[in-house]
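Residue numbers begin at 1 in each chain, while the letters A, B, ... track the order of the sequences.
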Amino acid sequence: MSATTTTTAPTSTRPPVADPPRSGSRVPWRAIFLALLALLFLAPLLWMVSTSLKSTSEVSQAELSFLPQNPTTEGYSTILGAPQTPVAQWFLNSMVAATAQTLLVLVVATMAAYALARLSFPGKKILTGLVLATLFVPPISLLIPNYVIVANFGWLDSLAAVIVPGAAGAFGVFFMRQFFTSLPLELEEAAVLDGASRFKLFLTIIVPLSRPAMATLALLTFLTNWNDFLWPLYVLFSPDRLTIQPGLSTLQSAYTTDYATILAGGAIASIPVLILFLISQRFVIEGIARGGLKG
Amino acid sequence: MATIATEVATSTAAPPEERRHGRRAANSDPAVMRAGKGTALLFVGPYLVLFGTFVLAPIVYGLWISLHEWDFLLPGKPFVGLQNYIDLFTPGSPTSEPFWSSMRATGIFTVLSVPLLMVLPLALAVALNTKFRGRNAVRAIFFAPYVLGVAVIGLLWRYLLDPNVGVVNYYLDQLGFDRIPFTTATPWVWLALVVPTIWWTAGYNMVIFLAGLQDISPELYEAAELDGANAWQRFRNVTLPGLRPVTIFVLTITILASANLFGQSYLITQGQPGNETRSAIMQIGEEGLRRFNMGSASAMSTVMTLALLLISLLSLSLLRERTPTEKKR
């Protein structure tokens, strides 16, 4: 593994601590215990999927079975066809918002982090301190004033409100700066001696080296935005403007206890993040092990 | 907060060669870092605009709003000085009872959930800190609920805990127990908030503990074993002290996350019974962004922010107390 990967993924390259030899029995108690617990953790998700494939009447009948008696996609077609709860539109809105915010964070935070890690300019120390200090600021203190600010921009009930303000958080800058300071300076020294412009150097040397870190940041940003609930719940209100999480919260009042339909909505909202997690779980888990998700 | 974890992780994980470079870059600004002011501005400018508008400005603006009778929908927003704060601390005022009862609900939830969110993830991490087949899969399963949004968690558990058609009550019924009104009656509502939260976030804490465990030198375990320490003694005398900074970090972020309780009580218990499980964030959101009394809502935010900052500072000082100086920046 190259030096670059080592710096982004310190935990992966180190072997787990050797199992201290246990005395006594050959029965793999640890494995059995963990397997049972894993099943318990998986159970709610499995119930969500199985319930979403039941008919409305089966969900409310007295006799309950895990597997649907007559598997049906009724719940999915109900929820996808209902004009008052446009799940497909919410899904699309969330895709657009999460993707746009991720791109914005990747560009803006990476450039700022590079300057804070690598360029000397007046006020750099103060700025770095200020940005990092805001990691401690509880998000609740920003809720009300940001609502007023976003309203003044005319962004209420539009996707801009769930894309732009969230990209201002310090997490991305903190995360990338941490990575940049771990890169050896020699890489840039050669390019500077060759007379390359700073921006070209950034694009041709730094960005390619930073791909693993940027991928992790992109994943964490996408997940956070996709799952954001409090902020979009208040700044979006037209049924066709909602993102998926606040949209889901309206299903309860629309379908009361028709859980087959409600959980079909829940399953639709979970699919992208679960797929994303399955294909990239190493990045997600290591990103969190190293810096914690924002908030 | 996050700085601490990474500091802890990188100070032990990064090879000394790279650490030296990192330090050099941070302190002495060698020639390679010199760039025109224009260049630097080009790089930080776009972020600065966002940061100033949506982080720095609102911090000040929120304090300003809290000094006014700020009805979002009315043109006049009279200055009232500290009146909103005085009201919060005056028993019997329209804002004080709802606010403190929501703070109480948040406090109860925090006290109930945090210990479990420390012990269970630590146990999982210790159990997973060894090589066996399927280790990564098990780790991924414990972590998976965390990637779901709170709205999905809310709907799902609302179903599982439903008094009439829910899965949990079905099995209670089958086993001969009475059905339990998890989402509408105390003390069950606390269970309906705490259990889903543990299921949702235990994997997150586990992952951080696991990273901390892997930074403990295997030699320490070998030495302890040579001294004849049993598994419990090794855990007590090697694992726990080695995890001290990580534990304080996890404790802090868990307390802060629990204090931010919103989605679970909004969706699962809907604040019931009465307003018993209405959280502080929910109260602030309803007061400021549904009823548009932004002045009093901002005052509530400030009080809550100060409480949370106090917790952060306390844990920072805990961390400084016995951390060797060489690990500090």
Side-chain angles (χ1 to χ4, degrees), chain A residues 10-11 14 16-17 19 30 34 38 41-42 44 47-48 60 64 108 111-112 114-115 118-121 134-136 138 140-142 144-147 165 167-168 178 181-182 184-185 188-189 192 198 223 227 229-230 234 245 248-249 259 262 266 269-270 273 277 281 285 288-292, chain B residues 1-2 5-6 9 13 18 21-22 25-26 29 32-35 37 39-40 43-44 46-47 50-51 54-55 58 61-62 127 129-131 138 140-142 147-152 155-156 159 165 167 170 207-208 211 214 218 221 262-263 267 281 288-289 294 297-298 301 304-305 308 312:
Chain A
T11 47
R14 324 178 77 239
V17 173
D19 190 11
R30 186 202 298 258
L34 280 174
F41 262 70
L42 220 45
W47 270 98
M48 174 162 76
S60 51
L64 199 60
V108 168
M111 285 175 63
Y114 180 73
R118 278 297 203 265
L119 302 179
S120 50
F121 58 91
T134 61
L135 284 171
F136 291 85
I140 183 62
S141 64
L142 307 179
I144 307 280
N146 260 339
Y147 184 96
Q178 202 71 29
T181 45
S182 74
L185 267 180
E188 287 142 279
E189 264 159 12
V192 168
R198 185 59 70 166
L223 277 176
N227 288 334
F229 180 58
L230 173 66
Y234 287 115
Q245 303 294 336
L248 287 180
S249 75
Y259 286 111
I262 291 177
S270 314
V273 283
F277 175 62
Q281 53 126 331
I285 286 179
I288 281 164
R290 280 185 308 127
Chain B
M1 251 330 81
T6 317
E18 278 166 31
H21 286 301
D29 287 2
V32 65
M33 296 173 72
R34 265 167 227 146
K37 275 183 198 169
T39 314
F43 275 92
V44 281
Y47 179 71
L50 286 178
F51 182 69
F54 298 109
V55 179
Y61 196 29
N129 190 35
T130 166
K131 254 192 180 143
V138 173
I141 289 172
F142 289 139
V147 305
L148 301 178
V150 71
V152 175
L155 293 182
L156 175 54
Y159 166 61
V165 298
V167 176
Y170 171 77
V207 162
I208 302 177
Q214 299 191 354
Y221 286 102
F262 173 70
L267 291 159
I281 303 278
L289 303 180
M294 291 183 164
S298 291
S301 301
M304 194 182 175
T305 298
L308 297 180
S312 301

For the candidates [options], which exhibits the highest count of non-hydrogen atom pairs separated by less than 4.5 Å from chain A?
{"options": "B/Ile141, B/Val147, B/Leu50, B/Val152", "answer": "B/Val147"}
{"options": "B/Leu289, B/Leu308, B/Leu267", "answer": "B/Leu289"}
{"options": "B/Pro46, B/Gly62, B/Ala297, B/Ala127", "answer": "B/Ala127"}
{"options": "B/Gly288, B/Ser298, B/Gly263, B/Ala140", "answer": "B/Ala140"}

Please round to the nearest 0.5 Å and tell me the distance separating atom [atom1] of [X] and atom [atom2] of [Y].
{"X": "A/Ile144", "Y": "B/Tyr61", "atom1": "CD1", "atom2": "OH", "result": "11.5 Å"}
{"X": "B/Leu155", "Y": "B/Leu148", "atom1": "CG", "atom2": "CG", "result": "11.5 Å"}
{"X": "A/Leu135", "Y": "B/Ser312", "atom1": "CG", "atom2": "OG", "result": "11.0 Å"}

query = Side chain of B/Tyr47, backbone of A/Ala112: donor and acceptor closer than 3.5 Å?
reply =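 A pair under 3.5 Å: no.
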
Which atoms of B/Phe51 approach chain A - backbone, side chain, both or neither, heavy atom under 4.5 Å = both

request  = Please look at B/Phe142 and chain A and tell me whether the side chain, the backbone, both or neither of the residue comes under 4.5 angstrom of a heavy atom of that chain.
outcome  = both

message = Just so I understand: if I count every heavy-atom pair under 4.5 Å between each of A/Leu34, A/Leu42, A/Ile262 and chain B, which residue has the most?
response = A/Leu34

query = Which bit of A/Thr134 comes within less than 4.5 Å of chain B, counting heavy atoms only: side chain, backbone, both or neither?
reply = side chain

message = So which atom in A/Gly266 and which in A/Met48 form the shortest heavy-atom distance, rounded to 0.1 Å?
response =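 For A/Gly266 and A/Met48, the tightest heavy-atom pair comes out as C-SD, 4.0 Å.
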
message = Restricting to non-hydrogen atoms, name the atom on B/Val150 and the atom on A/Gln245 that form the minimum distance, rounded to 0.1 Å.
response =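 Closest pair (atom of B/Val150, atom of A/Gln245, distance): N-OE1, 4.2 Å.
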
